[in-house]
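The structure under discussion appears below in the form of structure tokens.
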Amino acid sequence: MANQDDNLLKKIISHAKEYGFIFPSSEIYDGLAAAYDYGQNGVELKNNIKSFWWKAMVQMNENIVGIDASIFMHPTTWKASGHVDAFNDPLIDNKDSKKRYRADVLVEEYIAKIEGKIDKEVDKAAKRFGDSFDKDQYLATNPRVMGYAEEIASINKRMKEAIEQENLAEVKKLIEDLGIVDPVSGSKNWTDVRQFNLMFSTELGSVADGASKIYLRPETAQGIFVNFLNVQKSGRMKIPFGIAQIGKAFRNEIIARQFIFRMREFEQMEMQFFVKPGDEMEWYEHWKNKRIQWHKTLGLGEDNYRFHDHLNLAHYANAACDIEFNFPMGFKELEGIHSRTDFDLKAHEEHSGKKLQFFDPQENKSYVPYVVETSIGLDRMFLAVMTSAYKEEVLEDGSERTLLKLPAALAPTKVAVFPLVKKDGLPEKAHEIIDLLKLDFSCQYDEKDAVGKRYRRQDAVGTPYCVTVDHQTLEDNTVTIRDRDTMQQERIDITQLHSRVADLVSLSRLLKQL
RNA sequence: GCGGGAGUAGCUCAGCUGGUAGAGCGACAGCCUUCCAAGCUGUAGGUCGCGAGUUCGAACCUCGUCUCCCGCUCCA
């Protein structure tokens with residue numbers, strides 16, 4: 001099973017490359033780890049996924065609007081969001097237990113042990129001296145306690161200096177000098193200390209002293225939060241309302257793996273829905289339902305989805321779940337739905353000094369709204385679509401075909417048009433048909449090789465419909481239209497072609513089902 | 001980071017105990033004119049991941065290095 005699934009991922013990777021969906025980044029220079037480029041078919045599929053999401057979220061909901069915020073944001077944004085403090089850790093691994101620790105935490109724990117010793121001395125002394133015990137005086141005069149205190153001060157000083165100078169070798173040396181052992185393995189077999197920064201930083205030249213270090217955003221959500229007031233005021237938005245955004249985000253993952261599933265540069269489709277405090281659970285349930293409905297409408301297979309409720313909640317959330325998809329490597333997170341409380345807006349109020357509140361005319365008072373977030377990984381969605389679409393079929397005659405059963409509305413090419421043979425005016429007629437269709441649908445023309453081979457080529461890139469011009473076409477203006485999945489053909493009049501195709505491949509057909 | 005596997009044509013791979021590269025599919029051009037891959041002819045495409053070393057000679061042996069895949073670790 002595992003092997004088969006490994007093979008499936010490998011096949012999808014090869015297929016994606018061979019047919020222009022996804023290429024390894026900078027391949028001619030040996031590639032760049034975990035970065036991928038979307039090719040000519042990939043970009044179409046990706047754009048179609050975006051479009052389906054955007055229309056489902058923004059166009060279909062009167063109270064949701066979209067924005068496109070800058071990737072660069074004021075550095076304080078990330079202090080407010082908690083990203084700067086929470087993910088700037090010196091990490092160290094124990095080679096025997098294979099456990100990873102925060103180096104500063106190991107040192108703090110060591111200090112805590114010494115503090116424990118001081119406390120013991122204090123307790124002992126308190127018993128000895130009885131009522132006349134003066135703790136402060138004892139701490140200031142007892143030689144043993146003073147020794148401990150000095151040791152703590154010295155460790156703290158070394159640690160502080162090392163961190164400030166970003167001298168990771170010194171941090172390691174400190175751990176070695178202190179003889180700190182792994183609590184699991186009991187060994188002192190440590191790796192070097194490495195700084196783990198979740199966020200990519202870069203320099204912004206023109207910003208004044210000290211503030212020139214800025215980050216590439218690790219999530220798009222903050223671009224929405226900092227624009228909460230702008231959108232609410234300028235759009236005259238009333239609670240409850242939402243702000244949607246599609247955009248790139250960057251995370252320096254410790255390990256980026258599994259094709260486009262976990263990349264350091266990726267694209268998110270997020271919507272933050274602002275609600276009245278107290279209503280958040282109702283809306284959390286609402287969006288759980290809405291989002292799973294969106295997925296199921298695509299028809300990738302209902303069994304391929306499941307919810308996973310978070311038991312350990314993040315610092316900002318009071319409820320959270322994932323929509324997981326059955327990827328080749330198993331069920332993995334595809335989308336997150338989080339009830340983020342008022343954590344973010346409050347944090348931005350504190351750091352910016354601006355009121356980020358909504359005045360409720362009914363209640364005649366202002367409040368900081370609560371937020372329900374839906375956040376889906378676009379690249380992961382792409383992989384989910386590819387995973388469910390990739391099929392190897394054995395046909396009745398024993399021959400095989402490889403095809404992508406993409407939802408028609410997402411397919412990079414909607415219609416391929418072929419002349420049965422490339423003479424007798426058939427190619428010209430085929431081009432006329434393309435001119436008729438290309439205003440609304442992405443089309444491809446192909447006259448090379450036997451027509452069966454051309455069908456297979458289109459199957460491989462997921463084109464849902466192929467139209468073939470034959471000699472009869474010249475007589476009665478009809479063509480055959482062939483369905484990718486069933487390989488069945490139907491002969492229809494050219495004048496009906498446009499409306500027929502529109503009906504089959506349109507996004508609105510899916511949107512109606514939401 | 002640790003452990004395992006792998007890098008040869010666009011894809012899948014072969015290449016013997018070392019003798020300076022092959023196949024199938026694919027692509028392109030042409031022939032044929034045919035409604036579901038595999039008819040015929042021709043063409044293009046590889047400093048065998050990269051760098052050293054051993055050797056008269058390295059895709060093959062040695063060392064180093066890079067990249068990819070899988071598992072563990074991390075994933076607000």
Side-chain angles (χ1 to χ4, degrees), chain A residues 2-3 5-7 9-11 13-20 23-36 81-83 85-87 89 91-102 190-194 196 198-199 218-219 221 251-259 261-262 264 310 312-317 320 322 328-329 332-333 336 338 340 343-344 373 375 377 395-402 418-424 426 447-460 466-472 479-480 482-484 486-489 491:
Chain A
N3 269 341
D5 289 349
D6 288 354
N7 287 340
L9 183 60
K10 279 185 180 165
K11 282 177 179 171
I13 293 169
S14 306
H15 193 87
K17 183 184 172 192
E18 189 170 0
Y19 290 95
F23 308 121
S25 165
S26 321
E27 197 186 11
I28 62 167
Y29 292 112
D30 231 4
L32 181 67
Y36 292 90
S81 69
H83 288 80
D85 295 331
F87 292 94
D89 311 327
L91 299 177
I92 190 166
D93 292 351
N94 184 274
K95 290 177 185 170
D96 298 312
S97 69
K98 311 277 187 206
K99 293 287 176 189
R100 171 166 290 159
Y101 301 93
R102 281 175 55 172
W190 297 106
T191 63
D192 288 343
V193 176
R194 295 179 311 279
F196 169 56
L198 168 101
M199 292 191 288
E219 64 175 21
R251 294 182 194 182
N252 209 351
E253 302 284 354
I254 299 168
I255 300 169
R257 283 276 173 85
Q258 284 160 332
F259 195 36
F261 183 81
R262 177 166 295 123
R264 297 195 170 93
H310 287 207
N312 297 323
L313 295 172
H315 58 280
Y316 58 68
D322 296 334
M329 54 281 183
K332 300 269 186 181
E333 179 183 355
H338 297 191
R340 289 181 80 131
F343 176 88
D344 298 279
E373 164 190 278
S375 174
L395 304 179
E396 283 178 10
D397 64 359
S399 67
E400 290 176 20
R401 69 167 183 157
T402 302
F418 310 143
L420 185 60
V421 295
K422 59 179 172 194
K423 63 172 192 181
D424 303 335
L426 268 49
E447 61 175 24
K448 173 76 181 163
D449 297 315
V451 71
K453 210 172 205 174
R454 287 178 259 165
Y455 287 140
R456 297 300 168 88
R457 272 202 284 267
Q458 295 301 327
D459 290 342
C466 292
V467 168
T468 301
V469 174
D470 56 17
H471 290 92
Q472 189 183 331
V479 289
T480 59
R482 175 256 194 194
D483 181 277
R484 176 195 66 205
T486 64
M487 300 196 293
Q488 295 300 306
Q489 286 179 291
R491 185 166 277 278

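Here is how names work: the chains are called A, B, and so on, in the same order as the sequence lines, proteins then strands, and each is numbered from 1. The figures here come from the full heavy-atom set of this structure, side chains too, leaving out hydrogens, waters and symmetry mates.
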Check: So what does A:H15 touch, heavy atoms closer than 4.0 Å: a base, only the sugar-phosphate, or nothing?
Finding: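 Result for A:H15 = nothing.
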Note to self: At 4.0 Å (heavy atoms only), tell me whether A:D470 reaches a base, stays on the sugar-phosphate, or touches nothing.
What the structure shows: base
What's the closest nucleotide to the side chain of [X] if the choices are [options]?
X	options	value
A:L420	B:C35, B:G30, B:C75	B:C35
A:R491	B:A76, B:C35, B:C28	B:C35
A:M329	B:C35, B:G71, B:A37	B:G71
A:R456	B:C35, B:A38, B:C36	B:C36

Who are the salt bridge (charged side-chain N to carboxylate O under 4.0 Å, His left out) partners of [X], not counting sequence neighbours?
X	result
A:K332	none
A:E219	A:R340
A:R457	A:D446, A:D449

Check: Looking at A:F343 and A:S81, what are the two nearest heavy atoms and their distance?
Finding: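 That closest heavy-atom pairing would be CE2-O, 3.9 Å.
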Item checked: Closest heavy-atom pair and its distance - A:H471, A:D424 ->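 That would be NE2-OD2, 2.8 Å.
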Roughly how many Å is it from [atom1] in [X] to [atom2] in [N], rounded to a whole number?
X	N	atom1	atom2	value
A:M199	B:A76	CE	P	15 Å
A:L395	B:C35	CG	C1'	14 Å
A:E373	B:A76	CD	P	12 Å
A:F343	B:A76	CZ	C1'	9 Å
A:K422	B:U33	NZ	P	12 Å
A:D424	B:U33	CG	C1'	8 Å
A:K332	B:C70	NZ	C1'	11 Å
A:E447	B:C35	CD	C1'	17 Å

Next item on the list: Just say parallel, tilted or perpendicular for the rings of A:Y36 and A:F259, cut-offs at 30° and 60°.
Entry: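 Ring orientation, 0 to 90° scale: perpendicular.
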Atom pair [atom1]/[atom2] of [X] and [Y] - distance to nearest 0.5 Å:
X	Y	atom1	atom2	answer
A:Q488	A:T480	CD	OG1	12.0 Å
A:K448	A:K453	NZ	NZ	8.0 Å
A:F261	A:E333	CZ	CD	7.0 Å
A:S25	A:R264	OG	CZ	12.0 Å

Would you say the base of [N] and the side-chain of [X] have a donor-acceptor pair closer than 3.5 Å?
X	N	answer
A:H338	B:A76	no
A:R482	B:C35	no
A:R454	B:C36	no

Could you give the distance separating [M] and [N] at their [atom1] atoms, to the nearest angstrom?
N	M	atom1	value
B:G26	B:G64	P	42 Å
B:U55	B:A14	P	31 Å
B:G45	B:G24	C1'	16 Å
B:A27	B:G46	C1'	16 Å
B:G10	B:U54	P	33 Å
B:C75	B:U20	C1'	49 Å
B:U41	B:C48	P	32 Å
B:C25	B:G42	P	15 Å

Next item on the list: Could you go through the side chain to side chain contact (heavy atoms under 4.5 Å, CB included) check for A:Q489 and A:Y455 one step at a time?
Entry: CA-CA 12 Å; A:Q489 286 179 291; A:Y455 287 140; 3.2 Å; yes
Checklist line | A:K17 side chain near B:G10 phosphate (N/O to OP1/OP2, under 4.0 Å) | finding: no
Next item on the list: Nearest-nucleotide wise, let me know which of A:I13 and A:V469 is further upstream toward the 5' end of RNA chain B.
Entry: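 Result of the comparison: A:V469.
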Checklist line | Closest-nucleotide ordering on RNA chain B, the 5'-leading residue of A:Q489 and A:F259 | finding: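 The residue whose closest nucleotide sits nearer the 5' end is A:Q489.
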Filtered N/O pairs between nucleotides 23-27 of chain B and protein, under 3.5 Å:
{"from": "B:A27", "atom 1": "OP1", "to": "A:R457", "atom 2": "NH1", "distance (Å)": "2.6"}

Notebook entry, point to check: Counting a pair only when it is Watson-Crick or G-U and both distances are under 3.5 Å, which runs of at least 3 such pairs involve RNA chain B?
Noted result: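 For RNA chain B the paired stretches long enough to count as stems (3 pairs minimum) are B:1-7 with B:66-72, B:10-13 with B:22-25, B:27-31 with B:39-43, B:49-53 with B:61-65.
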Check: Would you find a donor on one side and an acceptor on the other, under 3.5 Å apart, between the side chain of A:D470 and the backbone of A:Q472?
Finding: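 Yes, because the side chain of A:D470 sits within donor-acceptor range (under 3.5 Å) of the backbone of A:Q472.
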Note to self: Using modelled atom types and a 3.5 Å cut-off, is there a donor and acceptor pairing between side-chain atoms of A:R251 and backbone atoms of A:P218?
What the structure shows: yes
Which pairs, protein N/O on one side and nucleotides 12-14 of chain B N/O on the other, fall under 3.5 Å?
{"from": "B:U12", "atom 1": "OP1", "to": "A:S14", "atom 2": "OG", "distance (Å)": "3.0"}

Note to self: I'd like to check A:M487 versus A:L395 (side-chain heavy atoms, cut-off strictly below 4.5 Å). Are they in contact?
What the structure shows: yes
